Amino acid sequence: MRKKHNRLITEIIKLWLRLVNKSRYFEYKFQLKEQGVKMRHTEFLEGELTRIRKAIVQKKTLTFKHSGHMGDLIYALPVIKALAQNAQCELYIQLDQRIGRNYHKHPNGNIMINQRGFLMLKPLLEHQSYLSKVAIYQGESLDIDLDLFRKMPFALDFHSVRWYYHITGVFPSMEEPSIEVEPLPQFADKIVVVRTFRGRMPKINYHFLTQYNNVVFLGTKPEFDDFVLEVPNATFHNVSDFKELAGAIKGCKLYISNQTFAFALAEGLKVKRILEGNPYTPFVFPVGGIGTEVFFQHDFEAKVAEWITSEADLLPVT
């Protein structure tokens with residue numbers, strides 16, 4: 001109740017200053033931001049960061065926890081892989097943690113990782129040579145809680161991979177792949193697409209892909225049903241788990257996606273990839289390998305044409 005009261009008083013002060021003293025209003029907003037940063041920079045956070053750095057230096061086995069989202073978990077893998085050079089790494093995943101807000105048409109509703117998501121993830125994670133164990137979190141003792149990024153004293157609207165650098169003090173190169181999987185040869189001549197209902201660039205359209213005869217969609221069935229309204233000649237492939245999804249992305253000719261879990265896989269694999277830019281939270285973008293983000297239709301179409309060079313990919317003109 002007191003927090004709500006304080007927020008109300010703050011909003012009244014901001015409104016009053018905005019009406020009577022614009023310069024003081026901007027000063028007050030700046031002071032509130034600084035105060036917010038200081039409040040998040042707690043003794044608990046400092047203590048955790050110190051403890052984590054000591055564990056990294058001293059321990060031969062490091063235990064990690066992550067509660068999702070699944071894409072966020074994938075973006076944590078480069079740090080784990082780097083730490084695995086000097087220690088065995090065990091990853092525990094906490095299930096059924098609520099998002100706290102509504103995600104538009106999210107397959108998991110307002111849950112970050114559920115039992116089904118874990119079972120889909122497990123084959124891929126267990127395939128990583130740098131993970132000695134992958135399991136559901138049951139209260140085990142932890143060395144590094146990767147969810148700590150949510151308590152950091154800064155806005156998270158910057159590159160997702162780097163959230164975990166600041167938890168551990170480890171800064172691996174973002175140019176190198178962090179996911180190990182064999183490419184699936186049946187996708188070698190395919191343009192693979194995943195497009196969720198969230199984070200779309202409103203003016204981007206995929207209809208131009210109808211000129212290609214090798215477009216395969218790997219998202220959910222409702223997402224595919226929406227996609228074929230623009231690309232009716234696309235085909236649908238329903239993966240059995242996320243190891244298969246990663247293998248399809250690893251093996252394809254070109255991967256196209258908006259800001260999704262599947263794009264996190266493509267980023268970890270460093271395949272040839274095009275990201276449909278997110279106009280709301282653009283904190284994911286390609287680094288390393290051959291990749292770019294697009295926010296405009298003409299750039300999108302030009303980049304696909306540049307990277308799909310074989311005439312065999314084109315449908316015959318009638």
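For the single chain, residues carry numbers from 1 onward in sequence order. Because the structure is predicted, anything quoted here is derived from the model rather than measured.
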What distance do [X] atom [atom1] and [Y] atom [atom2] have between them, rounded to the nearest 0.5 Å?
| X | Y | atom1 | atom2 | answer |
| --- | --- | --- | --- | --- |
| I56 | N86 | CD1 | CG | 10.0 Å |
| M201 | E276 | CE | CD | 8.5 Å |
| E301 | H298 | CD | NE2 | 9.5 Å |
| R162 | I167 | CZ | CD1 | 13.0 Å |
| L146 | L73 | CG | CG | 7.5 Å |
| L62 | Q88 | CG | CD | 10.0 Å |

*So Q297 and K203, side chain to side chain contact (heavy atoms under 4.5 Å, CB included) or not? Walk me through it.*
CA-CA 7 Å; Q297 187 70 26; K203 296 291 286 185; over 6 Å; no
*Derivation and outcome, side chain to side chain contact (heavy atoms under 4.5 Å, CB included), residues L83 and F64*: CA-CA 11 Å; L83 291 171; F64 301 78; 3.8 Å; yes
Could you tell me whether [X] and [Y] have a side-chain N and a carboxylate O separated by less than 4.0 Å?
| X | Y | value |
| --- | --- | --- |
| E182 | K250 | no |
| D241 | R116 | no |
| D225 | K221 | yes |
| R195 | E223 | no |
| D145 | K65 | yes |

*Would E230 and N205 count as a side-chain hydrogen bond (donor to acceptor under 3.5 Å, both in side chains) if you check the C-alpha gap in whole Å, the side-chain angles of each, and the deciding distance to 0.1 Å?*
CA-CA 8 Å; E230 293 185 357; N205 187 286; 3.3 Å; yes
Work out which heavy atom in [X] is nearest to a heavy atom in [Y]; give both atom names and the distance.
| X | Y | answer |
| --- | --- | --- |
| V192 | C252 | CG2-CB, 3.5 Å |
| N114 | G117 | OD1-N, 2.7 Å |
| Q259 | T281 | OE1-O, 3.2 Å |
| F217 | T220 | CE2-O, 3.9 Å |
| T168 | I52 | CA-CG2, 4.2 Å |
| P202 | P279 | CD-CG, 4.0 Å |

Would you mind reporting whether [Y] and [X] have side-chain heavy atoms less than 4.5 Å apart?
| X | Y | answer |
| --- | --- | --- |
| Y206 | F227 | yes |
| L275 | V284 | yes |
| F261 | L121 | yes |
| I204 | N258 | no |
| V215 | T235 | no |
| S141 | T63 | no |
| K272 | P286 | no |
| D72 | H69 | yes |

If only atom types and distance count, is the side chain of [X] paired as donor or acceptor with the main-chain N or O of [Y] below 3.5 Å?
| X | Y | result |
| --- | --- | --- |
| Q97 | L95 | yes |
| R273 | I249 | no |
| Y130 | S178 | yes |
| E90 | L131 | no |
| E267 | V287 | yes |
| Y280 | G199 | no |
| N233 | Y212 | yes |

*State which residue, out of F171, Y75, F149, fulfils the ring-ring contact (aromatic ring centres under 6.0 Å, His included) condition with Y164.*
F149
*Option passing ring-ring contact (aromatic ring centres under 6.0 Å, His included) with F300 (candidates W307, F295, F208)*: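 With F300 as partner, W307, F295, F208 yield a single ring-ring contact (aromatic ring centres under 6.0 Å, His included), made by F208.
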*Would you say F296 has more than 12 foreign heavy atoms packed within less than 6.0 Å of its CZ?*
no
_Greater than 12 external heavy atoms within 6.0 Å of R24's CZ_ =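 Buried by this count: over 12 neighbours within 6.0 Å.
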*For the rings on H237 and F187, is their centre-to-centre separation under 6.0 Å?*
yes
*Does the pair V304 and I274 meet the rule for a side chain to side chain contact (heavy atoms under 4.5 Å, CB included), with working shown?*
CA-CA 8 Å; V304 171; I274 298 175; 3.7 Å; yes
*Hey, mind stepping through Q94 and Y92 against side-chain hydrogen bond (donor to acceptor under 3.5 Å, both in side chains) and telling me if it holds?*
CA-CA 7 Å; Q94 189 170 22; Y92 295 92; over 6 Å; no
